[in-house]
Amino acid sequence: MPANLTPVYRKAEEAYRNAREPAEKLEHLKEMLRTIPKHKGTDHLQGDIKRWIKEITEEIGTASKSGKKKGPVHTIRREGAAQIALIGAPNAGKSQLHSRLTGSRADIGPYPFTTKLPQPGMMPFEDLYFQLVDLPPISSDYIEGWIVNSLQPADGVLLVVDLADPGCAEHIQAILRQLTDRKIDLHGWWPGLKGPKPVPEPTFDADGEEILDDPFRISLPAILVGNKSDLVEDAGAELQVLTELLELDLPTVAVSALTGAGCEAIGPLLFKALQIVRVYTKQPGKPADTDRPFTLRRGQTVLHVAEQVHKDIASALRYAKIWGAEVYAGQQVGPEHVLADKDIIELHMK
Ligand SMILES: Nc1nc2c(ncn2[C@@H]2O[C@H](COP(=O)(O)OP(=O)(O)OP(=O)(O)O)[C@@H](O)[C@H]2O)c(=O)[nH]1
Ligand SMILES: [Mg+2]
């Protein structure tokens with residue numbers, strides 16, 4: 001039966017997809033439930049929406065019921081230039097890598113299932129930070145149900161494998177299967193590497209009704225991180241065999257979380273893959289505030305920076321003066337001007 005979803009519903013669904021914070025997602029889910037046409041054809045979707053409302057309500061509830069914590073938090077609030085989740089089989093070295101890259105004191109153990117809860121940490125790269133979230137392992141017979149919640153705010157994934165483990169190909173297959181069962185897809189479409197993920201052609205059912213994507217699918221770009229390179233002869237070759245064997249179309253990097261070898265490549269790779277653009281702001285007549293950049297993605301504009309500064313500034317924004325490699329010094333530009341890395345801007349309001 002055709003779903004006959006209305007434009008109001010589709011707008012709410014689009015807002016839900018774009019939202020990152022659980023509270024924001026919850027608000028849009030309630031709007032979806034309110035506006036979805038109530039008939040047999042949408043029964044399934046209504047069920048999904050209700051289930052997600054329950055999940056997120058519980059998640060938020062455990063985080064902040066009258067300020068008191070009731071249970072563990074599984075969704076880490078996004079900070080820094082991007083949030084990257086560490087996924088892998090038991091003992092792959094996710095926590096060791098997290099600790100190496102962020103200086104965290106993540107629990108590291110010579111036995112599997114050491115990590116029990118998501119652990120955030122900040123990895124410095126030049127003058128910005130990437131947020132890395134260490135997660136419990138995934139195996140053929142084990143995955144935490146809340147991992148889906150944890151991955152909601154993520155911008156990408158580091159899929160960590162132990163190159164010295166003869167079973168590592170099977171482990172990856174098991175992980176990908178577990179994720180697919182939970183509607184999570186990993187892919188190699190990083191905007192700054194292979195390019196942005198192509199939008200599929202619309203498909204239609206027998207009644208000519210467009211078949212819509214499941215709004216609850218999570219699709220994340222991933223990098224295959226071959227860890228424990230210190231234990232194998234040629235980590236690069238091992239990674240190549242692995243990707244060919246499994247027909248994985250993911251960028252790869254070989255590291256040793258223990259010795260640190262190769263780890264320095266991860267920051268620049270993420271920076272490039274995510275097409276991060278840094279922008280510094282300044283006050284008229286004063287030097288630029290170069291301590292902490294605002295971070296955007298390529299294609300984003302002066303208005304996006306204003307929104308990060310404050311929503312009142314964004315709504316009152318008239319123009320900006322800009323200094324950078326692609327403009328002449330102090331050039332006046334409108335809110336829709338697309339920014340380049342290391343631009344300095346001065347926001348002018350009405
Ligand atoms: N030789 C070597 N050992 C490593 C490396 N990275 C991690 N290890 C060791 O591998 C074991 C597991 O490391 P963890 O970081 O706890 O692994 P994990 O993936 O977080 O494991 P779970 O939390 O159980 O999922 C520890 O004994 C680490 O010291 C590496 O690059 N080289
Ligand atoms: Mg761990």
Side-chain angles (χ1 to χ4, degrees), residues 72-76 83-123 130-151 154 156-179 181-182 184 186 220 222-242 246 248 250 252-267 269-270:
V73 176
H74 301 123
T75 313
I76 304 290
Q83 185 184 85
I84 306 294
L86 268 63
I87 285 182
N91 239 13
K94 299 174 294 299
S95 300
Q96 183 95 57
L97 187 65
H98 190 264
S99 158
R100 161 75 57 188
L101 296 173
T102 69
S104 71
R105 290 202 221 111
D107 289 337
I108 300 163
Y111 38 80
F113 303 102
T114 307
T115 305
K116 305 280 185 223
L117 287 170
Q119 156 106 27
M122 301 306 279
M123 171 175 87
F130 292 107
Q131 183 182 46
L132 301 189
V133 180
D134 188 17
L135 290 170
I138 299 173
S139 69
S140 57
D141 53 8
Y142 177 86
I143 182 168
E144 293 283 4
W146 47 256
I147 214 109
V148 187
N149 289 339
S150 297
L151 290 175
V157 163
L158 296 182
L159 180 57
V160 184
V161 292
D162 175 352
L163 291 177
D165 181 344
C168 70
E170 286 80 32
H171 296 326
I172 298 178
Q173 281 177 316
I175 291 166
L176 296 179
R177 210 174 312 120
Q178 287 277 34
L179 292 175
D181 287 351
R182 281 157 185 81
I184 302 165
L186 304 186
L220 289 169
I223 293 170
L224 183 65
V225 180
N227 188 32
K228 309 200 187 180
S229 64
D230 56 297
L231 298 179
V232 296
E233 194 113 329
D234 185 345
E238 298 274 350
L239 269 171
Q240 202 179 337
V241 170
L242 206 54
L246 299 176
L248 291 177
L250 303 180
T252 60
V253 57
V255 301
S256 167
L258 193 67
T259 68
C263 287
E264 71 292 342
I266 293 179
L269 184 58
L270 286 175

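First listed ligand is number 1; within each ligand, the first listed atom is number 1. All values reported here derive from a predicted model rather than from experimental measurement. Nothing fancy with the numbering, it's 1 onward along the sequence.
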Task: Approximate separation, where rounding is to 0.5 Å, of Ile87 CD1 and Ile184 CD1 - done: 7.0 Å
Open item on the list: With nothing but distance in play, are any N or O atoms of Thr114 less than 3.5 Å from an N or O of ligand 1?
Closed with: yes
- [ ] Please report which non-hydrogen protein atom sits nearest to atom 31 (O) of ligand 1, along with the residue it belongs to and the distance in Å to one decimal place.
- [x] Ala257 N, 2.9 Å
- [ ] Using a strict cut-off of 4.0 Å, indicate which atoms of ligand 1 neighbour a heavy atom of Phe113.
- [x] 22 (P), 24 (O)
TODO: Enumerate the protein N/O/S atoms at a distance below 2.8 Å from the Mg ion (ligand 2), ignoring waters.
DONE: Ser95 OG, Thr115 OG1
Task: Mode of Leu258 contact toward ligand 1 - side chain, backbone, both, neither (heavy atoms, under 4.0 Å) - done: both
- [ ] Measure the distance from atom 28 (C) of ligand 1 to every protein heavy atom, then report the residue, atom name and distance (to 0.1 Å) of the closest one.
- [x] Gln96 OE1, 3.2 Å
Task: Exercise: identify the closest heavy-atom pair between Ala265 and Val253 - done: CB-CG2, 4.1 Å
Open item on the list: What protein heavy atom lies closest to atom 25 (O) of ligand 1? Include the residue and the distance to one decimal.
Closed with: Lys94 NZ, 2.8 Å
TODO: Could you find the nearest protein heavy atom to atom 6 (N) of ligand 1 and give me its residue, atom name and distance?
DONE: Asn227 ND2, 3.2 Å
Open item on the list: Using the rule given for side-chain contact (heavy atoms from CB on, under 4.5 Å), can you reason through Met123 versus Thr102, listing the C-alpha separation, both sets of side-chain angles and the distance that settles it, and then say yes or no?
Closed with: CA-CA 4 Å; Met123 171 175 87; Thr102 69; 4.2 Å; yes
Task: All pairs passing salt bridge (charged side-chain N to carboxylate O under 4.0 Å, His left out) where residues 89-109 contributes a residue, at least two apart - done: none
TODO: If you have a sec, work out which protein heavy atom is nearest atom 21 (O) of ligand 1 and how many Å separate them, to one decimal?
DONE: Asn91 N, 3.1 Å
- [ ] Without swapping roles, check the side chain of His98 against the backbone of Leu132 for a donor-acceptor pair under 3.5 Å.
- [x] yes
Open item on the list: So, taking the atom named OG in Ser256 and the one named CG in Leu231, what distance separates them when rounded to the nearest 0.5 Å?
Closed with: 7.0 Å
Open item on the list: Need the ligand 1 atom indices (1-based, order shown) with element for anything under 4.0 Å from a heavy-atom of Leu231.
Closed with: 1 (N)
- [ ] Can you tell me which residue pairs pass the ring pair (Phe, Tyr, Trp, His ring centres under 6.0 Å) test with a partner in residues 100-121, sequence neighbours excluded?
- [x] Phe113-Tyr142
Open item on the list: Considering non-hydrogen atoms of the protein only, which is the closest contact for atom 5 (C) of ligand 1, and what is the distance?
Closed with: Lys228 CG, 3.6 Å
Open item on the list: Whether the side chain of Gln96 engages the backbone of Asn227 through a donor-acceptor N/O pair (distance < 3.5 Å, no angle test) should be reported.
Closed with: no
TODO: Assess whether side-chain contact (heavy atoms from CB on, under 4.5 Å) is satisfied between Asp162 and Asn91, documenting all intermediate values.
DONE: CA-CA 8 Å; Asp162 175 352; Asn91 239 13; 5.7 Å; no
Open item on the list: For the 3.5 Å polar cut-off, considering only N or O atoms, please tell me whether Pro112 and ligand 1 meet it.
Closed with: no
Task: Nitrogen or oxygen of Ser256 less than 3.5 angstrom from that of ligand 1 - done: yes
Task: Selection from Gly260, Pro137, Gly93, Ser139 by shortest heavy-atom distance to atom 14 (P) of ligand 1 - done: Gly93
Open item on the list: Take a 6.0 Å sphere around CD of Gln173 and say whether it holds more than 12 heavy atoms from other residues, nucleotides or ligands.
Closed with: yes
- [ ] Begin with the C-alpha distance, continue with both residues' side-chain angles, and end with the deciding distance and a verdict on side-chain contact (heavy atoms from CB on, under 4.5 Å) for Gln83 and Val133.
- [x] CA-CA 7 Å; Gln83 185 184 85; Val133 180; 3.8 Å; yes
TODO: List the closest protein heavy-atom neighbour of atom 27 (O) of ligand 1: residue, atom name, distance to the nearest 0.1 Å.
DONE: Pro110 CA, 3.2 Å
Open item on the list: Taking a cutoff of less than 4.0 Å between a non-hydrogen atom of the residue and any ligand atom, is Gly88 in contact with ligand 1?
Closed with: no
Open item on the list: Under a 4.0 angstrom heavy-atom cut-off, which atoms of ligand 1 come close to Pro90?
Closed with: 25 (O)
Task: Nearest-0.5 Å distance, CG of residue Asp134 to CG of residue Leu117 - done: 10.5 Å
- [ ] Using the test salt bridge (charged side-chain N to carboxylate O under 4.0 Å, His left out), find all partners of Asp165 that sit at least two apart in sequence or belong to another chain.
- [x] none
Open item on the list: Is there a polar contact between ligand 1 and Pro136, counting only N or O atoms under 3.5 Å apart?
Closed with: no
Open item on the list: Keeping Ser150 on the side-chain end and Thr75 on the backbone end, is there a donor-acceptor pair under 3.5 Å?
Closed with: no
Open item on the list: Rounded at 0.5 Å granularity, tell me how far CD1 in Ile147 sits from CD1 in Ile138.
Closed with: 4.5 Å
- [ ] Give the residue and atom name of whichever protein heavy atom lies nearest to atom 11 (C) of ligand 1, and the separation in Å to one decimal.
- [x] Gly109 O, 3.3 Å
Task: Enumerated ligand 1 atoms positioned under 4.0 Å from heavy atoms of Asp230 - done: 1 (N), 2 (C), 30 (C), 31 (O), 32 (N)
